[in-house]
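We name chains A, B, ... by the order of the sequence lines, and we start the count at 1 in each one. From a predicted model like this one, the values you see are computed outputs, not experimental measurements.
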Number of protein chains: 2
Amino acid sequence: MGREEFLEKARAGVKEAYLEKDRQLIQCVNAIDEIDKTSNLLFERLQEWYGIYFPELRVKEPEKYCELVLRIDRKSINREELSRIVGEESANVIAEKAGRSMGVDLGDNDLGEIRKLAKEILNLQSMRSSFEKYETGFAKGLCPNLTYLIEAPLAAKLIAHAGSLRRLANMPASTIQVLGAEKALFKHLRNHTRPPKHGILFQHPWVNSAPKKERGRIARLLSTKIAIALKGDFYSKNFIADRLKVDLDRRMEEIRKG
Amino acid sequence: MGREEFLEKARAGVKEAYLEKDRQLIQCVNAIDEIDKTSNLLFERLQEWYGIYFPELRVKEPEKYCELVLRIDRKSINREELSRIVGEESANVIAEKAGRSMGVDLGDNDLGEIRKLAKEILNLQSMRSSFEKYETGFAKGLCPNLTYLIEAPLAAKLIAHAGSLRRLANMPASTIQVLGAEKALFKHLRNHTRPPKHGILFQHPWVNSAPKKERGRIARLLSTKIAIALKGDFYSKNFIADRLKVDLDRRMEEIRKG
């Protein structure tokens with residue numbers, strides 16, 4: 001085989017490797033994760049910075065806080081606009097606090113810079129929404145069985161953590177159950193602490209809303225069905241999730257009844 | 001003193017504390033720092049993600065890479081646009097690489113999401129420029145002497161690290177010299193390692209472009225003059241930096257001559 005021919009083959013092989021669809025999904029999952037970190041960092045900064053002007057403003061939802069920074073001036077409150085953003089009740093509290101604020105009176109120039117930061121955090125949030133929508137569509141196409149059983153973003157996180165759909169599909173249920181809890185798992189193996197009962201699957205509402213002592217059983221149940229669904233998605237390419245879901249719901253009902 | 005009166009006084013005191021101008025400057029310095037971290041994180045993600053489509057694309061400047069992601073399609077390269085962004089020479093290299101790329105052919109839908117990320121990184125960069133301009137104006141107003149001796153962003157970083165202009169103005173030159181190298185300083189005190197020769201001041205071009213053995217002396221010289229300039233900015237409010245600068249340049253010349 002000549003050198004050129006050899007290179008051509010190598011290139012084709014690499015191209016194939018790049019074709020794995022899940023690589024794209026994983027990039028998107030990680031991007032969302034990084035947007036979250038980024039938004040949190042910048043939102044904390046915004047609260048501290050704007051806190052010079054209006055330290056008494058407390059709003060839990062970052063988006064609403066940003067909206068307030070952008071649209072409300074504490075020295076001449078637009079009550080209608082304020083109510084629109086936070087609702088009547090909170091509007092009263094905020095307006096009262098604004099009237100007796102201990103904050104420094106900043107100029108338009110200073111507030112203008114702070115508002116750029118608020119705008120940017122909203123931009124990041126809107127990008128996040130777009131990515132999540134894309135991720136959901138992508139995951140549904142890639143693993144229809146898995147995403148029938150659990151929400152697409154959670155499915156995407158499992159794939160991202162495993163590194164590829166193939167790897168995830170080859171994992172036994174017991175590994176899927178604790179995927180993402182590697183630290184606790186190794187600690188268990190080294191120091192004989194209790195083994196972890198769940199990793200990423202803790203994010204499933206059935207697990208995190210259950211009483212603590214039942215969470216392990218529910219995570220185990222979920223991971224068993226997930227492992228079967230994955231064989232369907234990666235190997236047989238059959239849609240089997242409707243039957244799996246019926247079985248899953250039935251067993252969950254049994255656990256709930258005790 | 002009645003309760004209301006007392007509260008009123010307390011509020012006035014807090015208001016005064018909030019009035020310290022440097023608090024605003026410090027917020028801006030930290031915001032820039034966080035934008036840098038954020039941009040780096042998102043830029044690495046962009047390169048990995050877009051790398052599925054065009055793994056051979058290598059451009060050092062993040063802004064240019066983002067521009068390319070936004071404006072160039074590797075499957076139908078617009079040579080004029082490409083040259084405009086990276087220059088004639090690099091354009092040839094990139095066009096050649098595009099012709100034999102090993103990347104996956106992504107759809108418009110996929111590329112659209114990646115482009116949102118590129119756009120966002122450019123937004124962050126433009127916000128950074130705006131903040132730096134603001135920071136410079138702010139620092140020049142707050143400490144005309146200090147910013148006459150060293151660049152405003154570096155002056156702002158020193159103030160931010162000290163916590164306030166007052167604290168920085170009260171520091172001896174020897175502390176200013178190693179400000180930002182606290183870790184190395186404590187290591188020196190505990191383990192008798194070599195003391196640090198410079199901290200944040202390493203970012204001054206005189207220090208980082210000097211031969212290693214001269215850096216300590218230059219940092220010492222700078223910090224001595226900075227300490228004097230700060231007394232002028234915080235206490236006497238006189239402009240003394242022109243004379244300081246003449247002296248500083250003369251001594252630097254002596255060090256350069258050996």
A:Y134 and B:N109 side chains, donor-acceptor separation under 3.5 Å: no

Crowding at CD, B:E81 (>12 non-hydrogen neighbours, <6.0 Å): yes

Greatest number of heavy atom pairs closer than 4.5 Å to chain A - which of B:K116, B:E48, B:E113: B:E113

Chain A contact via B:I26 - which portion, at a heavy-atom distance below 4.5 Å: neither

NZ (B:K75) with more than 12 external heavy atoms under 6.0 Å: yes

B:L46 side, atom CG; A:Q27 side, atom CD - distance, nearest 0.5 Å: 10.0 Å

A:R79, CZ: over 12 other non-hydrogen atoms inside 6.0 angstrom: yes

Contacting region of A:Y53 [heavy-atom separation from chain B under 4.5 Å]: neither

B:H161: partners by side-chain contact (heavy atoms from CB on, under 4.5 Å), with sequence neighbours left out: B:L179, B:E182, B:I200

Contact summary for B:Q24 and A:W49, nearest pair of heavy atoms: O-NE1, 4.0 Å

Candidates A:I35, A:L41, A:T38 - the one meeting side-chain contact (heavy atoms from CB on, under 4.5 Å) with B:L41: A:T38

Chain B contacts, top residue of A:M127, A:E120, A:K37 (heavy-atom pairs, under 4.5 Å): A:E120

Region of A:L124 in contact with chain B, defined by heavy-atom distances below 4.5 Å: both

Greater than 12 external heavy atoms within 6.0 Å of B:K231's NZ: yes

Atom NZ of B:K119: over 12 foreign heavy atoms under 6.0 Å: no

Point-to-point distance, once rounded to the nearest 0.5 Å, from CG of A:D33 to CZ of B:R45: 8.5 Å

Residue A:K97 excluded, over 12 heavy atoms near NZ under 6.0 Å: yes

Partner chain A: residue of B:L42, B:D110, B:L117 with the largest heavy-atom pair count (under 4.5 Å): B:D110

